[in-house]
Amino acid sequence: MEQLVEYVLWATYFFSLFFVIFWLTTFITEREIKTKKRLKELPRVTIIVPAYNEELGIKDTLRSLAGLDYPRDKMEIIAVNDGSKDQTAARAIEAVKEFKGTDIKLINQENKGKGAAMNTGIRQAKGEYVVCMDADSIIPDKKALYKMLPYFSSEDIAAVLPCLKVGETKNLLQKMQRYEYLVNMFYKELMGRLDCIKVTPGPFAIYRKDVLLKIGGFDEVFNRHLTEDLEIALRLQKNNYKIVQTMETDVLTIPPDSLKEFYQQRKRWYKGGFLNTLRYKKMILDKKFGDFGLFEMPTTLVSGFIMIALLFSMVYYLAKPALQAWAKLSSINFDIWTLLKKISWDISALDFHYSLIFVGIVMACASIFVIKRSHAMAKEKVFRYGAMPFIFYIAMYFILLAVGWVVIYYELIRKKEMKW
Amino acid sequence: MLQRKISKGKFIFAFLATCAIFALGLLLGLVIEGKRINYTNQAYQSHDVNFISSQLQYDYLLSLKDQNSCPTVYNGLDSNLFNLDKTREKIEIYSQDNKINKKEFELLKRQYALEELRYWFLAGHVKEVCGKGIVRVLYFYSDDAACPGCGEQGFVLNYLKKKFGQQLLIFSIDEKMNEPLIELLKGQYNVIKYPTLIIEGAKVDSDNFVAKDDLLKRICYYSEDKENCAAS
């Protein structure tokens, strides 16, 4: 057993280090070649806000959209109420009345899922470009459209994504997620350089409408309760369209503030990622799709296994000595005082496991570099909320994620359905 | 349409760099293994000198029948055995981590097991001259698979050693050692399962391990330590 755990752990280290070195090599060698075109004439844009039970956030979202600096005759906002059971529709109507100068429409439909809500909006959209905006996010940059639209510099660019950041945080869980979001942005930016972006997240992703229509819009059936934003990205990749990640414009989102919500969200993301990757399994290791098929798709599949392997190894290495120590102490009726009274330290430099320490130091340095670079890229401070969230993020966060993966595999085995 | 590319160069570089970092780590491990072998070899020389010293102290006792020197001789024996045990425990750990130098570590383990037995014999001889004063425990242990109770047994013995100090001498023998003398002892005491304790020549075995209170009673049967044996 010990031998097996050791092999799994070393294999996990190897793959993790390989991925990190691959990213860093990409960071160093791949120059940014994002070109922008000058907008001779501003295109018409439709912003679609799919909403399900978003009474708390939808008005703020619509307010931030109404505040965008873009000609009113070139911008429309369509809020699609997907059969909410709360006051989402009422809040949206309030917003329509409040921001009269902006073209805001509200469409109510039966609950069909986020993909269907997006498709309803696309069918009504008059714009050449459609923007998906989650009803729990806000866009603080009023010039966002001016900054992002020029990135549609060629016909093969189907989507342009903003830098997704965490807004105000209330607790440690949200502060840890802030690190994750920024590292993810760095990773996506790098993967964008290799045309390997695998998800176009909901908040303020801009799509070319004709491309969306050509590939059949958002998935309404398979991803009804899962990750339509991931599926659409995979379909764009399958049809050889380019997705551009920009760092110029920020979108703020509110991450889950409780473990229950956090796990609901992660279950949806990871399960969707895993199932959609399997759905597009023909792309895996297919040279026709370049780095996306050879690197990104397999990475999505193995990342969950790596997390779980790390979690189980850690539990094994912590639980085994802890149980042994408990059994030993109980065998002397917990007379710890006698042990402490005559304690003798005999530790020499040779007692440490240097191979492990060496690989660990290399991985820690690489991780710190990635965290620093991702913050620099997003113009954020690493210790914005002090050292504690950083320490917890480094030491604990992967445990939260790995537990999520364990739950997902369990549910996949049990074939349990998801709801959004 | 998007022109796809394969970053073959980056894949190869990342793979080779990862291999190089792992190879460096392994190399470092090998260097440390070499240092560990050197350290334990040097420590063995020191333990050997210590044994000669204890042996000469016994010869002195035997020739002069000077029982007043017994505490000093016991003290020397205890201190030497303590140091020997510390190094032996380190060798056990080093040997588990060891990947390449298996033969060297096996030889070292054998040397240290024999050294323990030399002390065990010597302690017996010293006790014959000095009479009561120490209790000798020969402890046969094995690996976790063959001896699930050995972890607890070793811990209980260490605990009692801390209580009794130099009056309790524990000699730990790895039953897996390929050493004829150990086989002879196992045969003599009919040691067939582990852990097995031989307290002053009397075999004590149990299904899992000998519990603290039981062991305390048995040690106190031979011991003059009034403080620790008052309750038993």
Side-chain angles (χ1 to χ4, degrees), chain A residues 2 10 13-15 17-26 29-30 154-158 194-195 237 239-242 287-295 324-325 327-333 335 338-339 341-344 346 348-360 362-363, chain B residues 1-11 13-22 24-33 35-36 38-40 82-83 86-87 89-90 93-94 96-97 99 144-145 148-149 151-156 158-163 165 208-213:
Chain A
E2 187 120 9
W10 279 110
Y13 279 164
F14 188 90
F15 279 115
L17 193 57
F18 171 80
F19 289 140
V20 173
I21 292 174
F22 184 81
W23 294 0
L24 294 180
T25 314
T26 305
T29 57
E30 286 287 324
S154 62
E155 289 298 310
D156 61 357
I157 296 173
L194 301 175
D195 295 318
Q237 291 287 3
N239 287 282
N240 288 314
Y241 283 105
K242 202 172 162 69
K287 283 182 186 172
K288 202 169 71 189
F289 296 102
D291 291 333
F292 192 76
L294 290 176
F295 181 75
Q324 282 174 341
K328 283 175 180 175
L329 288 173
S330 66
S331 70
I332 58 161
N333 301 334
D335 182 10
T338 302
L339 295 178
K341 246 184 348 190
K342 294 173 181 173
I343 200 159
S344 62
D346 186 28
S348 83
L350 292 173
D351 294 349
F352 299 100
H353 209 309
Y354 286 96
S355 308
L356 205 63
I357 291 171
F358 177 73
V359 176
V362 171
M363 284 182 72
Chain B
M1 279 293 150
L2 173 64
Q3 292 298 308
R4 297 280 186 185
K5 57 182 178 180
I6 297 172
S7 306
K8 203 188 273 181
K10 281 196 253 319
F11 284 125
F13 175 78
F15 179 75
L16 291 178
T18 310
C19 288
I21 289 168
F22 268 71
L24 265 175
L26 282 176
L27 197 69
L28 193 65
L30 285 181
V31 171
I32 296 298
E33 258 183 35
K35 296 259 178 214
R36 283 172 171 179
N38 283 344
Y39 161 76
T40 37
F82 175 79
N83 291 329
K86 283 275 167 207
T87 321
E89 280 170 12
K90 274 185 192 287
I93 297 165
Y94 295 167
Q96 280 167 15
D97 289 346
K99 299 281 181 281
D144 286 351
E152 280 98 324
Q153 191 66 81
F155 195 71
V156 170
N158 271 336
Y159 168 80
L160 291 174
K161 171 73 190 161
K162 279 183 193 287
K163 275 185 112 59
N208 190 16
F209 71 96
V210 187
K212 184 198 84 178
D213 294 336

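Each chain gets a letter, A, B and so on, in the order its sequence line appears, and its residues count up from 1.
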> What are the two closest heavy atoms between B/Glu152 and A/Ala327, and how far apart are they?
Replying inline: OE2-CB, 3.3 Å
> Going from OG1 on A/Thr338 to CG on B/Leu160, what distance comes out if it is rounded to the nearest 0.5 angstrom?
Replying inline: 9.5 Å
> Should the ring pair A/Phe22 and B/Phe11 be called parallel, tilted or perpendicular, given that the plane angle runs from 0 to 90° and is split at 30 and 60?
Replying inline: parallel
> Counting only heavy atoms not in A/Phe15, do more than 12 fall under 6.0 Å of its CZ?
Replying inline: no
>> Within the structure provided, determine whether A/Phe14 and B/Phe15 are in side-chain contact (heavy-atom separation under 4.5 Å).
In response: yes
> Any idea which of B/Val31, B/Leu28, B/Asn158 has the most non-hydrogen atom pairs under 4.5 angstrom with chain A?
Replying inline: B/Leu28
> Could you go step by step and tell me if B/Ser7 and A/Thr26 meet the side-chain contact (heavy atoms from CB on, under 4.5 Å) rule?
Replying inline: CA-CA 9 Å; B/Ser7 306; A/Thr26 305; over 6 Å; no
> In terms of heavy-atom proximity below 4.5 Å to chain B, should A/Trp23 be classed as side chain, backbone, both, or neither?
Replying inline: neither
> Is any side-chain heavy atom of A/Phe358 less than 4.5 Å from a side-chain heavy atom of B/Ile21?
Replying inline: yes
>> Quick one, A/Asn333 with B/Tyr159, criterion side-chain contact (heavy atoms from CB on, under 4.5 Å). Give me CA distance, side-chain angles, the key distance, then yes/no.
In response: CA-CA 11 Å; A/Asn333 301 334; B/Tyr159 168 80; over 6 Å; no
> OG of A/Ser348 to OH of B/Tyr39: how many Å apart, nearest 0.5 Å?
Replying inline: 5.5 Å
>> If you count heavy-atom pairs within less than 4.5 Å of chain B, which of A/Phe289, A/Tyr241, A/Phe19 leads?
In response: A/Phe289
>> Counting only non-hydrogen atoms closer than 4.5 Å, does A/Ser331 touch chain B with its backbone (N, CA, C, O), its side chain (CB onward), both, or neither?
In response: both
>> To the closest 0.5 Å, what do you measure between CD (B/Gln3) and CG (A/Asp156)?
In response: 9.0 Å
>> Can you tell me how far apart CZ (B/Phe22) and CG (A/Leu17) are? Round to the nearest 0.5 Å.
In response: 6.0 Å
> Nearest 0.5 Å, what's the CG-CZ distance between A/Leu350 and B/Arg36?
Replying inline: 6.5 Å
>> Need one label for A/Lys287: side chain, backbone, both or neither, based on atoms under 4.5 Å from any heavy atom in chain B.
In response: both
> Shortest non-hydrogen contact from A/Phe292 to B/Arg4?
Replying inline: CB-NH1, 3.7 Å
> What part of B/Ala17 gets closer than 4.5 Å to chain A, counting heavy atoms only: side chain, backbone, both or neither?
Replying inline: both
>> If we define contacts as heavy-atom pairs under 4.5 Å, which of B/Lys163, B/Gln153, B/Glu89 has the most with chain A?
In response: B/Lys163
>> At a 4.5 Å cut-off on heavy atoms, which part of A/Tyr13 comes close to chain B: side chain, backbone, both, or neither?
In response: both
> Given that the side chain runs from C-beta out, which part of A/Ile357 has a heavy atom under 4.5 Å from chain B: side chain, backbone, both or neither?
Replying inline: neither
> For the atom pair OG (A/Ser355) and CD (B/Glu33), what is the distance rounded to the nearest 0.5 Å?
Replying inline: 8.0 Å
> Do B/Lys10 and A/Asp291 have side-chain heavy atoms sitting under 4.5 Å apart?
Replying inline: no
> At a heavy-atom separation under 4.5 Å, does B/Leu24 approach chain A through its side chain, its backbone, both, or neither?
Replying inline: both
> Do the side chains of A/Asp335 and B/Lys212 get nearer than 4.5 Å, heavy atoms only?
Replying inline: no
> What closest approach, in Å, do A/Asp351 and B/Tyr94 show between heavy atoms, and which atom pair accounts for it?
Replying inline: OD1-OH, 2.5 Å
>> More than 12 heavy atoms of other residues, nucleotides or ligands under 6.0 Å from NZ of A/Lys288: yes or no?
In response: no
